[in-house]
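Take a look at the structure below.
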Amino acid sequence: QVQLVESGGGLVQPGGSLRLSCAASGFTFSSYSMSWYRQAPGKERELVGYISSVEGDTNLANSVKGRFTISRDNAKNTVYLQMNNLKREDTAVYYCRAGLLGGIEYWGKGTLVTVSS
């Protein structure tokens, strides 16, 4: 059974920090690229960050570059999204995605991040 379980979401004040985790099981985690997406109500889902399976190369959306960091720990089958200097516009449901050569993908159910004072 393939599972991607996000955690770490919650309420945080603007300027604060939060770390999201996505624990994977049921597939060979180290072989998959991992991504974080987010979707706010009434808005399209957008790619936040990406990390490759082998080299660990990362890519971040311009809107979060310099504030967010994506990383992975293959020994723990977990991908992380460290979010610093959070802004109100970061409020969204954050989803974890696993992908294999663009042909296979798995999605988590999401975790809500609310940035508000």
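We count residues from 1, following the sequence as given.
Among pairs with a residue in residues 26-38, those fulfilling salt bridge (Lys or Arg N to Asp or Glu O under 4.0 Å) read Arg38-Glu46, Arg38-Asp90, at least two apart in sequence or across chains. Among residue pairs with one or both ends in residues 4-32, none qualify as salt bridge (Lys or Arg N to Asp or Glu O under 4.0 Å); sequence neighbours excluded. Residue pairs meeting the salt bridge (Lys or Arg N to Asp or Glu O under 4.0 Å) criterion with at least one member in residues 68-81: none, sequence neighbours excluded.
Nearest heavy-atom pair, Asn84 versus Ser17, reported as atom, atom and distance to 0.1 Å: OD1-OG, 2.9 Å. Considering all non-hydrogen atoms of both residues, Val79 and Met34 come closest at CG1-CE, 3.7 Å. Smallest separation of non-hydrogen atoms from Pro14 and Ser117: CD-N, 3.7 Å. For the pair Ala40 and Ala92, the tightest heavy-atom approach, listed with the atom from each and the gap, is N-CB, 3.8 Å.
Residues Tyr94 and Gln39 fail the side-chain proximity criterion, which asks for heavy atoms closer than 4.5 Å. Here the side chains of Gln13 and Val115 are not in contact, with every heavy-atom distance at 4.5 Å or above.
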Derivation of the side chain to side chain contact (heavy atoms under 4.5 Å, CB included) call for Thr114 and Val12: CA-CA 6 Å; Thr114 303; Val12 63; over 6 Å; no

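The backbone N or O of Gly99 lies less than 3.5 Å from a partner atom in the side chain of Ser33, making a donor-acceptor pair.
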Enumerate donor-acceptor pairs with a distance under 3.5 Å from any side-chain N or O in residues 25-32 to protein atoms, sequence neighbours excluded.
none

Would you give me the side-chain donor-acceptor pairs under 3.5 Å for residues 49-62, sequence neighbours excluded?
unit_1, atom_1, unit_2, atom_2, d
Ser52, OG, Gly56, N, 2.9
Ser52, OG, Asp57, N, 2.8
Asn62, OD1, Lys65, NZ, 3.1

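Both Leu47 and Val93 belong to a common hydrophobic cluster when Ile, Leu, Val, Met, Phe, Trp and Tyr are linked at side-chain heavy-atom distances under 4.5 angstrom. In this structure, Val64 is a member of the same hydrophobic cluster as Ile70, with clusters built from ILVMFWY side-chain heavy atoms closer than 4.5 Å. Side-chain heavy atoms closer than 4.5 Å link hydrophobic residues (I, L, V, M, F, W, Y) into clusters, and following such links, possibly through other members, connects Leu101 to Leu4. With hydrophobic clusters built from ILVMFWY side chains whose heavy atoms lie under 4.5 angstrom apart, Val48 shares a cluster with Tyr106.
Tyr95 OH to Tyr37 OH: the interatomic distance, rounded to the nearest 0.5 Å, is 13.0 Å. Note that the SG atom of Cys22 and the CH2 atom of Trp36 stand 5.0 Å from one another [nearest 0.5 Å]. Considering CG of Leu81 and OG of Ser21, their distance stands at 9.5 Å, rounded to 0.5 Å. The structure places CD of Gln82 at 9.0 Å from CG of Leu20, a figure rounded to the nearest 0.5 Å.
Under the salt bridge (Lys or Arg N to Asp or Glu O under 4.0 Å) criterion, Arg97 pairs with Glu105, sequence neighbours left out.
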